[in-house]
Protein chains: 2
Amino acid sequence: MTARYIEIYQQFKTDIIQEKYPANSFLPSEAKIASQFSCSRDTVRKALSHLEEDGFIQKQHGRGSQVLQHSLVNFPISGLTSFQELKQVQRLDANTKVVLLKRLQSTAMNRQTTGFPAKTKLYHLIRVRYINGLASVIDEDYFDRSVVHNLTAEIAAGSIYEYLENTEKLTISYAEKSVTAELISKQDRLLMPDLPERENRLIQVESRVHLADTTYFQHTISRHRPDKFQFNEFSRRQKK
Amino acid sequence: MTARYIEIYQQFKTDIIQEKYPANSFLPSEAKIASQFSCSRDTVRKALSHLEEDGFIQKQHGRGSQVLQHSLVNFPISGLTSFQELKQVQRLDANTKVVLLKRLQSTAMNRQTTGFPAKTKLYHLIRVRYINGLASVIDEDYFDRSVVHNLTAEIAAGSIYEYLENTEKLTISYAEKSVTAELISKQDRLLMPDLPERENRLIQVESRVHLADTTYFQHTISRHRPDKFQFNEFSRRQKK
DNA sequence: CCCAATTTGTGCGTATGTATT
DNA sequence: TAATACATACGCACAAATTGG
């Protein structure tokens with residue numbers, strides 16, 4: 001029982017992607033959409049607002065809703081998207097090697113790296129992502145074990161988010177992220193043996209991920225090969 | 001004549017920043033806020049939705065709206081924020097040197113760098129941003145002259161967006177952005193003389209900026225010193 | 001375990017304002 | 001000027017989640 005406005009959102013999203021509404025064309029007016037879907041204009045407006053947020057359309061007062069060029073191979077890291085989901089969307093030739101999976105407890109010492117307060121029981125996971133056979137990303141994760149139970153190497157090699165959302169029924173909600181360029185460590189060189197000597201930094205995306213009830217449960221540090229890194233984003237100017 | 005829901009949004013935003021509602025506390029219920037502001041619940045909900053989008057609160061069905069830790073010195077590049085606005089928000093010791101400002105016309109040849117189709121009349125602008133006296137960012141802009149008129153070095157040294165929005169009455173609306181790590185050119189070394197020899201890449205943020213009527217008018221290439229680059233973002237997981 | 005109160009989520013209808021053509 | 005389209009706001013009803021008794 002998905003909400004009506006979500007259905008309408010999805011309908012237009014797929015129609016736009018399939019170019020039933022090509023770039024620069026206009027959607028039908030809100031009133032027409034409402035009568036087509038036999039719903040109120042308010043419901044249509046909710047759907048269109050989401051399409052606008054996500055960069056599919058631009059609403060124009062008095063004119064209509066215009067379809068934007070959708071930047072095709074988008075979202076490599078934007079939003080909160082897992083590697084497995086990207087792999088599907090972009091049809092990448094990608095696989096994952098689990099380098100380390102162990103239980104540990106955070107301490108005052110490692111608070112900085114784990115991202116958790118002392119004495120939290122954690123999983124520590126390190127994975128290398130290979131794209132077209134090339135080691136391209138090193139992912140290091142810390143999960144709160146009071147939230148994530150029974151993490152196995154098999155799950156870690158597949159989709160952890162799929163497991164958390166579907167099997168453990170968690171609702172992943174939001175994250176604070178930061179992107180920096182960090183110096184390459186000896187461990188990085190070992191895990192990315194093809195990395196040219198002249199490179200001295202990896203692009204690091206650090207995320208602190210929370211559930212819908214605001215529980216903080218995951219700290220991820222993703223280090224990307226600089227020559228393979230690309231991060232696309234759609235952004236809107238904030239109304240004053 | 002700002003919209004009522006925007007006023008309510010702003011009221012709560014400042015209250016949260018000033019910690020009248022501290023992190024982890026709950027806002028009053030939507031019904032209470034509505035009666036406080038003598039407005040409908042619908043208006044309150046619009047305001048709260050925007051607060052949630054922007055990472056100030058987390059709404060929880062059946063519980064209420066909880067205030068999130070707001071990542072303090074946030075938004076260095078996220079969204080569509082001008083350097084001058086960042087400078088104000090972050091109280092940076094920053095200034096700008098205009099290196100180049102000239103008129104030119106795009107050709108089929110330079111289409112890639114200018115970001116515009118051939119024969120578009122453009123401004124070409126290069127600026128260096130100094131933070132605490134250190135050359136930290138090289139900004140290269142191309143503006144469509146049919147949109148941006150009378151660009152001067154004085155305006156370019158100050159806030160172009162302030163000029164465009166307030167003087168030229170343009171509504172800057174959205175951008176497609178990409179972040180990559182690019183090899184350092186000779187020109188980069190000249191403009192950033194303090195850049196250590198061992199660094200081989202700058203972090204490049206490329207933006208294509210559009211007005212509310214979808215007119216494409218600005219292409220910006222910002223190259224950042226890798227040791228000074230940090231890009232923070234709040235992001236929400238997409239609902240399926 | 002269930003019920004009741006509270007709170008947010010969704011949807012409908014209506015009215016009025018404002019921008020575009 | 002008139003018609004069309006989006007923007008804002010109010011009110012109501014019921015559904016669904018949470019909490020506490």
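Chain letters run A, B, ... following the sequence lines, proteins first and then strands; every chain starts at 1.
- Ring-plane geometry between B:H210 and B:Y174 is classed as parallel, the angle between the planes falling under 30 degrees on a 0 to 90 degree scale with a further cut at 60.
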Evaluation steps, side-chain contact (heavy atoms from CB on, under 4.5 Å), between B:L27 and B:F56: CA-CA 11 Å; B:L27 299 187; B:F56 289 103; over 6 Å; no
Step-by-step side-chain hydrogen bond (donor to acceptor under 3.5 Å, both in side chains) determination, A:Y142 to A:E140: CA-CA 7 Å; A:Y142 296 91; A:E140 186 166 10; 3.1 Å; yes
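- With respect to A:K59, the salt bridge (Lys or Arg N to Asp or Glu O under 4.0 Å) criterion is satisfied by exactly one of A:E30, A:E53, A:E52: A:E30.
- As rounded to whole Å, 12 Å separates atom C1' of C:dT7 from atom CG of B:L48.
- A:S35 meets the side-chain contact (heavy atoms from CB on, under 4.5 Å) test with no other residue; sequence neighbours excluded.
- The closest side-chain heavy-atom distance from B:F37 to B:Q11 is below 4.5 Å.
- Note on ring orientation: taking the six-membered ring where Trp is involved, the planes of A:Y9 and A:H50 are perpendicular (angle over 60°, cut-offs 30° and 60°).
- Bounding nucleotides for the chain A contact on DNA chain D, 5' to 3', at a heavy-atom distance below 4.0 Å, are D:dA5 to D:dA16.
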Per-nucleotide protein contact string for nucleotides 11-21 of chain C (B base, S sugar-phosphate only, - none; heavy atom under 4.0 Å): SB----BBBSS
Residue pair B:Q60, A:D213: steps toward the side-chain hydrogen bond (donor to acceptor under 3.5 Å, both in side chains) verdict: CA-CA 7 Å; B:Q60 291 172 58; A:D213 65 359; over 6 Å; no
